[in-house]
Amino acid sequence: MTRIIISGGGTGGHIFPAIAIANALKTMGPEIEILFVGAIGRMEMEKVPAAGYPIHGLWISGLQRRVTWKNLSFPLKVISSLIQANRILAKFNPDAVIGVGGYASGPTLRMAVRRKIPVIIQEQNSYPGITNKLLSNKVDKICVAYNDMERFFPRQKIILTGNPVRQDIIILANKTEALEHFHMKMGKKVILIIGGSLGAGTINKSVLHYFYKQKGQDDFQLLWQTGKNHYPLIKSNETINGKVDIHIYPFIDRMDLAYTAADIIVSRAGAIAISELCIVGKPVILIPSPNVAEDHQTKNAEALANNKAALMLRDQDSVEKLFGLLKNLVSDTSLQNELSKNIKSLGQPEAASLIAIETMKLIKIKKKER
């Protein structure tokens, strides 16, 4: 029996790739046992069991950037999570540990390194976080999605795999089926608005601002994922009440159908969102979140915009400029085709399988060395 721990989570951008890696590992043989380690109270504690995998939760969260009483418990959480992670590793005795980012990943990888367990980092962004940079000299392999990552990591440990995405996104559904699923019309362009699994306040405000000012009918229909916390206020907003071409959801479970239905997509620029968008190959406007470490979403978006594979709009400009940019794109078929062709060329649909193969190769090498 080969045992593997996958650690991380917090948002869909960490969870869905982790599940994709687990699924790829399971196809390599029934003797592979997988355990997830996440953070108590975070999304992974619900999504991972729903995907059919066991998970243990650590008492850990991030350090708040603003001054708040919540930071008083942070040192205690770090110590507690390291102790918990060590106990999980001792009991499960994994042959390898894969870290996908998120609060739980740091403590789990630190203790795995200390116990001399083979460790793989799956770095999703073009600009890595501080934890992965600190651990990079001690882990065995670092799977990355962007070129030139030797600026941050030891060159000999880097493997360019791309970012894993959900399997159902690799082969998209039928357009008619997708439109029917969301009760949308044929023959009218669909704009998909997604602010990440938790929603994006600025993007939501931008949409509401447009419909507050807008007069008459639009030549497109909207499929809008607001995020669970934003949904009640948006759904009850008088600005959009009664508009038949706005389809609002707190969270879209069938993203394969959403991507299929879409003609143009507005999205944040998280690493996994971008990886999915590259495979989907639809024209996209990226609005990077400013509220992330090292401003990595802006760097992710710039990597596409500089290759004419996406349009980029700063968060602070979104409310006033999003729908002007969007309307221009809707009417410019030539630009749509150019963006679609260029972003599609960047897709890496085999990433999860490549990471699974590298993991099993590492386990095999380490067993021979013992």
Name all residues meeting the side-chain contact (heavy atoms from CB on, under 4.5 Å) criterion together with V113; count only those two or more places apart in sequence or in a different chain, and write none if there are none.
V119, K138, V139

Fellow cluster residues of I272, listed by chain then number, with links counted only when side-chain atoms sit under 4.5 Å apart
none

Sorted by chain and number, sequence neighbours left out, salt bridge (charged side-chain N to carboxylate O under 4.0 Å, His left out) with K175 holds for D263

Do K366 and I117 come close enough that some side-chain heavy atom pair is under 4.5 Å?
no

Does a sphere of radius 6.0 Å around CZ in R155 hold more than 12 heavy atoms from other residues, nucleotides or ligands, not counting ones at 6.0 Å or beyond?
no

Check whether M312 and L304 end up in the same hydrophobic cluster, where Ile, Leu, Val, Met, Phe, Trp and Tyr are linked by side-chain heavy atoms less than 4.5 Å apart.
no

Please verify the inter-ring angle class for F36 with Y53; under 30° counts as parallel, over 60° as perpendicular, anything in between as tilted.
tilted

Please find the pair of heavy atoms, one from P54 and one from V48, that lie closest to each other, and give the distance.
O-CG1, 4.2 Å

Between I265 and Y259, does a side-chain contact (heavy atoms from CB on, under 4.5 Å) hold up when you go through it step by step?
CA-CA 8 Å; I265 300 168; Y259 283 137; 3.7 Å; yes

Among residues at least two apart in sequence or on other chains, which ones pass side-chain contact (heavy atoms from CB on, under 4.5 Å) with A303?
Y146

Using atom types as modelled, flag every donor-acceptor pair under 3.5 Å from a side chain in residues 27-35 to any protein atom, sequence neighbours excluded.
| residue | atom | partner | partner atom | Å |
| --- | --- | --- | --- | --- |
| T27 | OG1 | A24 | O | 2.6 |
| E33 | OE1 | R3 | NE | 3.4 |

Would you mind listing every salt bridge (Lys or Arg N to Asp or Glu O under 4.0 Å) that reaches into residues 119-133, with sequence neighbours excluded?
none

Go through the structure and list residues passing salt bridge (charged side-chain N to carboxylate O under 4.0 Å, His left out) with R114, not counting sequence neighbours.
none

Under the salt bridge (Lys or Arg N to Asp or Glu O under 4.0 Å) rule, what pairs show up with a residue in residues 271-290, not counting sequence neighbours?
R166-E276

Set of residues satisfying salt bridge (charged side-chain N to carboxylate O under 4.0 Å, His left out) with respect to R115, sequence neighbours excluded
none

Check: K157 side chain, N137 main-chain N or O, donor-acceptor pair, under 3.5 Å
yes

Cation-pi check, K299 onto F152 ring (under 6.0 Å, within 45° of axis)
no

From CA spacing to verdict: salt bridge (Lys or Arg N to Asp or Glu O under 4.0 Å), D315, K205:
CA-CA 11 Å; D315 186 83; K205 287 176 189 174; over 6 Å; no

Within the side chain of Q221, is there an N or O that forms a donor-acceptor pair under 3.5 Å with the backbone of V190?
no

Do Q336 and K189 come within less than 4.5 Å of each other through their side chains, counting heavy atoms only?
yes

Which residue, L233, I234, I203, V319, forms the side-chain contact (heavy atoms from CB on, under 4.5 Å) with L208?
I234

For L313 and D317 the tightest heavy-atom approach is CD1-CB, 4.0 Å

Dump the intermediate steps for side-chain contact (heavy atoms from CB on, under 4.5 Å) on L257 and F182, then the final yes or no.
CA-CA 9 Å; L257 294 179; F182 295 109; 3.8 Å; yes

Does I158 share a hydrophobic cluster with L160, counting links as ILVMFWY side-chain heavy atoms below 4.5 Å and allowing steps through other members?
yes

Within the distance-only criterion (no hydrogens, no angle test), does the side chain of N300 pair as donor or acceptor with the backbone N or O of S126 below 3.5 angstrom?
yes

Could you tell me if the side chain of Q348 sits less than 4.5 Å from the side chain of T161, heavy atoms only?
no

Same apolar cluster: I130 and I142, side chain cutoff 4.5 Å:
no

Check this for me, if you would: do D245 and K185 make a salt bridge, where the nitrogen-to-carboxylate-oxygen distance has to be below 4.0 angstrom?
yes

Kindly work out whether a path of hydrophobic side-chain contacts (I/L/V/M/F/W/Y, heavy atoms less than 4.5 Å apart) joins L354 to M149.
no

Against S81, only a single residue in L58, N86, L76 fulfils side-chain contact (heavy atoms from CB on, under 4.5 Å); can you say which?
L58

Stepwise side-chain contact (heavy atoms from CB on, under 4.5 Å) test for L286 and I274
CA-CA 9 Å; L286 296 172; I274 284 183; 4.2 Å; yes

When rounded to the nearest 0.5 Å, the distance separating CE of M1 from CG of N93 is 12.5 Å

E338: which residues meet the side-chain contact (heavy atoms from CB on, under 4.5 Å) condition with it, sequence neighbours left out?
K308, L335, N342

Check whether any side-chain heavy atom of T260 lies under 4.5 Å from a side-chain heavy atom of N174, and answer yes or no.
no

Just do the side-chain contact (heavy atoms from CB on, under 4.5 Å) check on L109 and T131 with the steps written out, would you?
CA-CA 10 Å; L109 297 194; T131 300; over 6 Å; no

Report yes or no: does H14 contribute a side-chain atom to a donor-acceptor pair with the main-chain N or O of V100 at less than 3.5 Å?
yes

Between N163 and Q122, is any side-chain donor less than 3.5 angstrom from a side-chain acceptor?
yes

Step through the shown structure and confirm whether more than 12 heavy atoms of other residues, nucleotides or ligands are within 6.0 Å of CD on E302.
yes

Residues passing the salt bridge (charged side-chain N to carboxylate O under 4.0 Å, His left out) test with K141, sequence neighbours excluded, are E358

Could you tell me whether the side chains of Y231 and N204 share a donor-acceptor contact shorter than 3.5 Å?
no

side-chain contact (heavy atoms from CB on, under 4.5 Å) with Q316: which residues, sequence neighbours excluded?
R314

